[in-house]
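Since the structure comes first, as structure tokens, the remarks are kept for the end.
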Number of protein chains: 2
Amino acid sequence: MRKACENPPKPTVERLPIYRRALEILLDEGCEYTSSCELAELAGVTASRLRKDLSFFGRFGTAGMGYPVRELLDAVNSILGTDRLRDVLLVGMGNLGRAIANHAPLRKCGFRIAAAVDVSPAKVGRVICGVRCYPPSETARLVREGGIEFALLTVPPGAAREAAERLAEAGIKAILNFTPVHLRLPRSVVVEEVDFGILLQKVAFAVTQGGGENA
Amino acid sequence: MRKACENPPKPTVERLPIYRRALEILLDEGCEYTSSCELAELAGVTASRLRKDLSFFGRFGTAGMGYPVRELLDAVNSILGTDRLRDVLLVGMGNLGRAIANHAPLRKCGFRIAAAVDVSPAKVGRVICGVRCYPPSETARLVREGGIEFALLTVPPGAAREAAERLAEAGIKAILNFTPVHLRLPRSVVVEEVDFGILLQKVAFAVTQGGGENA
DNA sequence: TCATGTGAAGCACTTCACAGCA
DNA sequence: TGCTGTGAAGTGCTTCACATGA
């Protein structure tokens, strides 16, 4: 039954966005240099893990000095692609879709909601939360002409599968899936599930498990 | 610098909610028995991984037959605590807060938004999206009298730290943190971060990394 | 002297492969 | 015969500890 499939080569790399966030805080505070200890503390990892992670991409520090904040942040931004603005397609302009369209912090990560797709005739053609709304039939055109690579899937559960397949056919590269539906798409499409219910179950279980000793 | 701290004893267990979701689908389809292969396929894991995970909690299958869907689902629900309804406190009744208050699938996981907290006088005292809104000063009372263990943090970034500390003092057990702020709380509080920006960066990076071969 | 970068040891999780049972 | 449950092997990530260089 199926080998080690869902284990793509993520060699510690998904921690880079967290380092990036910590570096921005240090930059805002006016720090010019930081150490692997300080940065690791801010990011919530160990110092050696941080150094290993960074060393995977190059040498950014100076022995005896630490890391130059500005330069390291630039390097991380370059690696992550957050040094440029990238367009995102919002699929499903319901409550969650509107909340995300208004979610300011996405901008700071270099993402812009370029357009939205929704089945409701009442929404199509209008600009909602600063985003123009199109019918699902326009999906492929929007993706192609806009050069859009990423989609946020915020449709009702029953519409998730069809919408995701439409996105895959349109050539989208990655989907952030907010629906409680496990999508089965070609491996060329990166899918990340964000299921609020599963996340709540996870923390709830963690509480009942480790829930003996309190500080 | 700080040992292996943020690595709580999650022994493969965070996959249980995914099995639960798959089992509910099978139950809806009227299946009485399933196999580790079928269930693993639905959940997106390997069959041996599934069997190991389940065997951690007991013996639920019959050799040669497979697993009885109804019984296994009951067992998983019992383990996860999803067999009973649990109250959740919503902190921050903004766009995202309202979207989550309206998010139907949470109910199917056994969670109910029991109350909301918001600083806005225009919201306090009203019922929004079916949830009554209280001022932040009522946090401790709500948690105590309602026996609430879980909170959803959906306030603006600038208010996150203070709101989280108030929750910790009120005795909340776990926080699902939707703000792009790294919370530093006593270890007795379980914190799970759900940062849309970081998630998008993660998939974006995955695309640029593995982005050579398409099907 | 001090902190980075990195080989080596250690650890945990995943997969393999088969004994056991219906 | 077929599938579960599980010890054993395998793999990859994390931590340790020190050589290196400022």
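So you know, we letter chains A, B, ... as the sequences are listed, proteins then strands, and number each from 1.
Here dG5(D) is the nucleotide among dG20(C), dG5(D), dT15(D) with the atom lying nearest to any side-chain atom of Ser55(B). Minimum atom distance to the side chain of Ser35(A) is reached by dT4(C), of the listed dT14(C), dT4(C), dA8(C). Taking only side-chain atoms of Arg51(A), from C-beta outward, the nucleotide of dT15(D), dA17(D), dA22(C) with the closest atom is dA17(D). Listed nucleotides: dC21(C), dT15(C), dT15(D). Nearest to the side chain of Ala63(B): dC21(C). Of the candidate nucleotides dG7(D), dT15(D), dT14(C), dT15(D) has the atom lying nearest to any side-chain atom of Thr46(A).
In terms of polar N and O atoms assigned as donor or acceptor, the side chain of Lys52(B) comes within less than 3.5 Å of the base of dT15(C) in a complementary pairing.
Atom CG in Leu50(A) sits roughly 9 Å away from atom P in dG5(C) (whole-Å rounding). The interatomic distance linking Leu72(A) (CG) with dT4(C) (P) rounds to 11 Å, in whole Å. The interatomic distance linking Asp53(B) (CG) with dG5(D) (P) rounds to 12 Å, in whole Å. Rounded to an integer number of Å, the gap from Leu39(A) CG to dG5(C) P is 12 Å. Atom-to-atom, OH of Tyr33(B) to C1' of dT4(D) comes out at 12 Å; the value is rounded to the nearest Å. Distance CZ (Arg15(B)) to C1' (dA12(C)): 12 Å, rounded to an integer number of Å. Put simply, CE on Met65(A) is 9 Å from C1' on dA22(D), counting in whole angstrom units.
With the nearest nucleotide of DNA chain D identified for both Leu54(B) and Gly64(A), Leu54(B) has the one nearer the 5' end.
Ion pair Asp53(A)/Arg49(A) not flagged as a salt bridge, since none of the NZ, NE, NH1 or NH2 atoms sits closer than 4.0 Å to an Asp/Glu carboxylate oxygen. Salt-bridge formation is not detected for the pair Glu165(A)/Arg161(A): no Lys NZ or Arg NE/NH1/NH2 atom is positioned less than 4.0 Å from an Asp or Glu carboxylate oxygen.
Look at Arg59(A) and you won't find any side-chain N or O under 4.0 angstrom from OP1 or OP2 of dA3(C). For the pair Tyr67(B) and dG5(D), the criterion of a side-chain N or O lying under 4.0 Å from OP1 or OP2 is met. Regarding contacts with the backbone of dT4(C), every side-chain N or O of Thr62(A) stays at 4.0 angstrom or more from both OP1 and OP2. Regarding contacts with the backbone of dT4(C), a side-chain N or O of Ser36(A) is found under 4.0 angstrom from either OP1 or OP2. Contact check, Arg49(A) against dT15(D): a side-chain N or O comes under 4.0 Å of OP1 or OP2.
In terms of heavy-atom proximity, Phe57(B) sits nearest to Leu16(B) at CE1-CD2, 3.8 Å.
Screening Arg86(B), Lys173(B), Arg144(B) against Glu149(B) for a salt bridge (charged side-chain N to carboxylate O under 4.0 Å, His left out) leaves a single residue, Lys173(B).
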Can Leu72(A) and Leu54(A) be said to form a side chain to side chain contact (heavy atoms under 4.5 Å, CB included), step by step? CA-CA 9 Å; Leu72(A) 182 56; Leu54(A) 293 181; 4.1 Å; yes
